[in-house]
Each structure stands twice: as structure tokens, then as C-alpha cells.
Amino acid sequence: MSIQGPEPPPLSSFHQSKMVSFWLASIVSAVSLGAAHVSAFDISRSDNLAVYWGQNSYGATHSDTANFQKNLSSYCQDDSIDAFPVAFLNVFFGAGGVPSIDLSNICSTVDDPIFPGTDMPDCSFMAQDIQFCQSRGKIVTISLGGATGAASFSSDDQATAFGDTIWNTFLGGSSSVRPFGSAVLDGIDLDIEGGSTQHFAAFVNRIRQHADGANKKYYVSAAPQCPFPDAYLSTVLNAVAFDAVYVQFYNNFCGLSNGQNNFNFDQWDDWAKNTAVNKGVKIYIGAPASSTAAGSGYVDVSTLASFALQARSQFSSFGGVMLWDASQAYANNRYDAAIKNAIRQGGAAPSSSTPITVPTSSRSSTSSSSQPSTAPPSTTSHSTTATPTTTARGGSCAGVSAWVANVAYNGGDTVIYNGHLWTAKWWSYGDTPGGAAGDWTDGGACSSFAAAVPTVHSAAKHASVASVPTSVRGA
């Protein structure tokens with residue numbers, strides 16, 4: 001039953017945005033102060049679920065935008081996911097010597113304002129999303145590297161200074177360049193899949209030094225591939241303390257789809273107990289969240305649960321499961337919720353509390369202004385809208401990474417975008433495949449999504465990185 005009366009005058013978009021911002025802030029505050037049943041993240045548990053967010057992996061191999069990556073708070077509505085590595089900070093030293101991040105359809109240098117003199121996008125509209133997830137007992141960290149990451153150091157001094165930069169930009173420090181505004185992330189994750197990890201120990205140690213004097217807990221994790229020792233991360237893994245290691249059991253002979261005989265969790269458990277600096281480090285089974293999330297290694301939930309429960313019964317270092325990534329998990333019938341329920345410690349039933357529905361924030365402007373945006377978030381979710389402009393014969397997407405906004409490509413480089421295979425006609429930076437600039441040739445829809453390797457976590461070849469521009473676009 002409804003009671004009708006005079007219609008109130010319509011609110012301006014500015015006032016609607018202010019109301020949404022106030023509503024979201026109020027809910028976050030209420031959850032933080034009043035929801036005593038929400039448990040804080042506990043790294044010592046053996047049923048944690050870490051899920052990467054930020055790269056819209058589903059969108060790389062599909063064109064149906066309804067299942068594209070949503071804003072971060074959308075994935076914090078229940079207690080399925082415990083940790084979110086935000087992927088990726090893929091450029092260490094960009095314009096002005098400042099790092100750069102790319103979060104695909106949510107925030108990038110193409111679709112969002114950038115901080116003056118840098119190539120760092122202003123994603124401050126995400127602050128409330130991050131704080132909401134933290135208020136729900138989840139941790140949110142920044143993942144460095146990725147398959148197309150320009151990630152390396154030339155000396156310990158440079159690595160140490162970079163530790164200061166990351167601390168001030170994302171963690172407990174302060175800087176005029178803070179892409180997530182007032183939000184303070186919970187740590188760092190290393191997903192180094194190329195180049196050299198020389199001097200990375202100095203970087204992690206610097207983060208640890210800052211964290212030791214902080215008033216909150218900060219976490220350090222890494223995501224090596226399953227062959228032991230990892231080709232890129234083994235040196236730093238042996239040199240400094242890690243809290244969690246998300247081992248990628250896919251895209252390799254030791255992938256989950258190759259069965260128990262090739263599953264080498266025992267080697268990682270031995271490393272944790274006998275070599276790792278932190279003997280309490282937790283090892284996670286990393287898995288693709290769907291058949292299109294990796295080139296190989298995907299298994300159904302019951303099979304993954306079998307691997308996880310057996311590992312937990314045999315190895316005390318077992319910490320839980322890692323998934324790549326959130327968009328794939330949600331599109332695959334909530335693969336994340338299914339595996340979480342399967343590994344809940346002690347067989348506890350899923351929480352019966354009603355999920356809190358929060359209006360998901362989005363960028364307040366798609367202006368290319370170099371000034372950081374200060375407008376409050378709106379309720380309109382952004383998704384990648386560029387679509388293929390030609391009809392072409394499909395090709396294999398095996399071993400091809402997704403297009404990234406803040407990486408430069410040479411002519412002939414191939415990428416995946418909106419489920420299509422694209423080839424760069426010439427040097428290209430920041431120009432969307434299928435966009436008006438015409439930098440890319442559409443090779444048609446990928447002939448097999450199962451063969452595609454979206455963006456990261458790939459054992460196959462990656463798109464070559466022509467360069468990382470060190471001057472601001474348009475400067």
C-alpha cells in the first residue's frame with residue numbers, strides 16, 4: 001500500500017551525489033561501531049580466502065558488460081572474501097618519478113583525472129569502498145607488478161626510497177599524491193612475473209620498518225608460481241619476512257588440473273618451515289576462479305575443496321585459498337562463496353546475517369583534467385564501453401595479456417580487450433583498442449576463451465612493454 005502526495009522537487013545531481021556520499025559514510029560508520037559480530041581479519045587461520053580485484057579479468061575475455069568487474073564494495077557484502085589484493089601498481093617510476101596504477105574499468109589513466117606532473121590516476125572515489133570493506137573485517141592491500149609491470153630497482157638505495165614512496169602513497173604515511181584519498185591500505189603484495197627481483201628485499205624491509213612503529217597491522221604477501229623455487233620471487237622470499245604466500249597452482253605442470261601427483265604443496269610447506277624468515281608464514285592454494293581466468297589449471301569447486309582440505313590436514317602452513325579474480329568468481333556462480341563455504345574451519349555454517357547493501361561508488365567524473373577530482377562518488381557504476389569496430393576472423397588468445405592503460409606497446413604487440421584479439425599498428429600508449437585513435441587492428445573474437453590468459457598470472461609470453469613514459473601526456 002502506498003500513500004501518494006505532491007511530488008517533491010527533483011534533487012540536482014550534485015545534491016544526489018552528496019546524499020549518497022553521506023549515506024555510504026553513515027553506513028560505514030555504523031558498521032564500524034555497531035557490528036560487533038564482524039570479526040577482524042586473522043592471518044593465523046587456515047580458511048582464509050584471498051581474491052584479486054582490479055583487472056576485470058572477466059571483461060578481458062568476454063564482451064557482456066553485465067558481468068564486468070564491479071566497484072570494490074560490491075564484493076564486501078558478505079563474509080566470503082577475507083583479503084583483497086588490489087591489482088595492479090604496474091609502473092614503479094612513471095612521470096615525475098611517481099608510480100602508476102591501473103584498475104581496468106574502475107580507475108585508470110585513460111578514464112580518470114591524474115595528479116599534476118604524474119601519471120597516477122586519482123581514484124579517491126574508492127576511499128569509501130575500501131573503508132567499507134575494512135569495516136567488514138577484510139584487508140585491502142596493493143599488489144605490485146603483474147605480467148606487464150615495469151617493476152625493478154637499480155640499487156638498494158632506490159628500493160628503500162621506493163618503500164618510503166609506497167608507505168606515503170598507499171599506507172600509513174602522507175603525500176600530496178594519494179590515489180585512494182583518505183583510505184589507508186593494509187599492506188603490500190608482490191606479483192613479480194618478469195625482470196629481476198634484485199634489491200626487492202631492501203624495499204620490503206623498508207615497508208616493515210615503517211610498519212613496526214605503526215598503530216595498525218600491515219601485511220606483506222607474494223604470489224609466486226607453483227614450480228619451486230619460483231623463477232622471479234625466490235630470492236626475496238628467502239630474504240625477508242612474508243605473512244602470506246599465494247602460490248599460483250595454474251598455468252604450469254604443477255597446476256591443479258594436472259592432479260595430485262603433480263601438486264607440490266609439500267615443497268612450499270617445507271620452505272615455510274625450514275627456509276622462510278617468518279616460520280609462521282601461511283601458504284595459500286592459488287586457483288583460477290573460472291575456466292577463462294587462466295590458460296590452464298581450473299578445476300570445479302569440489303575438486304579445489306578436496307585439494308584444500310587435504311593440504312590443511314597434512315600441512316600446518318596451509319592458510320586458505322587465493323582466487324584470480326573477483327569478476328570471474330562472481331560470473332562463475334559465486335565460485336568464491338562456494339569454496340569459502342567448503343573450507344570454513346570446523347565446518348561452520350555460512351553467516352546468517354543479512355548482507356548490508358551499500359550503494360557502490362564510482363568515479364565522479366570522466367574528465368581528463370590533470371586536477372584530482374574532489375566531487376563525491378555517484379551511484380552510476382562505470383564499465384568499459386569501447387567495443388570492436390570491425391568484424392574480423394577470430395584468433396587464438398593463448399598466452400596473450402589484456403590491454404593495460406598505462407603501458408606503452410610497440411607495433412605488432414597483441415593484447416586482449418573485450419574478448420577480442422588486437423594487434424598494435426604502431427607505438428601506442430593510452431589509446432583504447434577500438435577507440436577513435438585507431439592504433440589497433442581487431443583480430444576478431446578469441447576463438448577459445450579457455451586458452452586466453454587475462455592480464456596476469458601467466459606462464460606464457462606477455463605483451464612486450466615498449467616503454468613506460470616518464471613525461472605527462474600532453475606535456
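Remember, predicted model here, so these are calculated numbers, not experimental data. Position 1 is the first residue of the sequence, and the numbers go up from there.
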Contact between [X] and [Y] at the side-chain level, heavy atoms closer than 4.5 Å - yes or no?
X      : Y      : value
Val321 : Phe307 : no
Gln134 : Ile139 : no
Leu171 : Ile188 : yes
Met322 : Tyr52  : yes
Phe180 : Val140 : no
Cys107 : Pro121 : yes
Leu72  : Phe132 : no
Ser317 : Asp269 : yes

Note: Lys425-Asp413 ion pair, threshold 4.0 Å (strictly below) =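 Salt bridge: no.
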Are the charged groups of Asp82 and Lys340 less than 4.0 angstrom apart, N to O?
->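 So Asp82 pairs with Lys340 through a salt bridge.
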Sidechain-backbone polar pair: [X] side chain, [Y] backbone, donor-acceptor under 3.5 Å:
X      : Y      : value
Ser234 : Ala231 : no
Gln267 : Phe228 : no
Arg178 : Ala183 : yes
Asn332 : Ala289 : yes
Asp325 : Ser57  : yes

Chi angles and distances behind the ring-ring contact (aromatic ring centres under 6.0 Å, His included) call for Phe263, Phe249 | CA-CA 8 Å; Phe263 185 55; Phe249 287 99; 4.8 Å; yes
Where does the angle between the aromatic ring planes of [X] and [Y] fall among parallel (under 30°), tilted (30 to 60°) and perpendicular (over 60°)?
X      : Y      : result
Phe162 : Phe203 : tilted
Phe93  : Phe153 : perpendicular
Phe92  : Phe200 : tilted
Phe318 : Phe265 : tilted

Audit row: Phe125, Asp112, side-chain contact (heavy atoms from CB on, under 4.5 Å) steps and yes/no | CA-CA 11 Å; Phe125 61 85; Asp112 295 273; 3.6 Å; yes
Assess the side chains of [X] and [Y]: does a donor N or O sit below 3.5 Å from an acceptor N or O?
X      : Y      : result
Gln225 : Asn251 : no
Gln345 : Ser46  : yes
Ser182 : Gln131 : yes
Asp189 : Ser221 : yes
Arg45  : Asn48  : no
Ser73  : Asn71  : no
Asn105 : Gln69  : yes
Asp439 : Ser428 : yes
Ser290 : Gln328 : yes

[X] and [Y] aromatic centres sub-6.0 Å:
X      : Y      : answer
Trp53  : Phe84  : no
Tyr58  : Tyr330 : no
Tyr409 : Trp440 : yes

What's the separation between atom [atom1] in [X] and atom [atom2] in [Y], rounded to the nearest 0.5 Å?
X      : Y      : atom1 : atom2 : answer
Cys123 : Ile106 : SG    : CD1   : 9.5 Å
Leu89  : Leu144 : CG    : CG    : 4.5 Å
Leu304 : Ser257 : CG    : OG    : 12.0 Å
Ser327 : Asn56  : OG    : CG    : 5.0 Å
Asn252 : Cys226 : CG    : SG    : 4.5 Å
Phe170 : Leu185 : CZ    : CG    : 7.0 Å

What pair of heavy atoms forms the shortest contact from [X] to [Y], and how long is it?
X      : Y      : answer
Tyr246 : Ala83  : OH-CB, 4.3 Å
Gly286 : Leu256 : O-CD1, 4.3 Å
Leu233 : Leu190 : CD1-O, 3.8 Å
Ala95  : Asp119 : CB-N, 3.8 Å
His62  : Thr292 : CE1-OG1, 3.2 Å
Thr169 : Met120 : CG2-CE, 4.2 Å

Quick one: list whatever passes salt bridge (Lys or Arg N to Asp or Glu O under 4.0 Å) with Asp243, sequence neighbours left out.
->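 Counting only residues at least two positions away or on another chain, Asp243 forms a salt bridge (Lys or Arg N to Asp or Glu O under 4.0 Å) with Arg208, Lys217.
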For the pair Val51 and Leu49, evaluate side-chain contact (heavy atoms from CB on, under 4.5 Å) and give the outcome as yes or no after the intermediate values.
-> CA-CA 6 Å; Val51 179; Leu49 178 63; 3.8 Å; yes
Identify the residue among Trp324, Tyr335, Tyr250 that makes a ring-ring contact (aromatic ring centres under 6.0 Å, His included) with Tyr298.
->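 Considering Trp324, Tyr335, Tyr250, a ring-ring contact (aromatic ring centres under 6.0 Å, His included) with Tyr298 is found only for Tyr335.
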Going through the distances and angles, do Asn264 and Asp266 end up as a side-chain contact (heavy atoms from CB on, under 4.5 Å)?
-> CA-CA 5 Å; Asn264 64 334; Asp266 59 326; 4.1 Å; yes
Carefully, step by step, assess Asp230 and Gln248 under the rule side-chain contact (heavy atoms from CB on, under 4.5 Å).
-> CA-CA 10 Å; Asp230 180 80; Gln248 301 175 41; over 6 Å; no
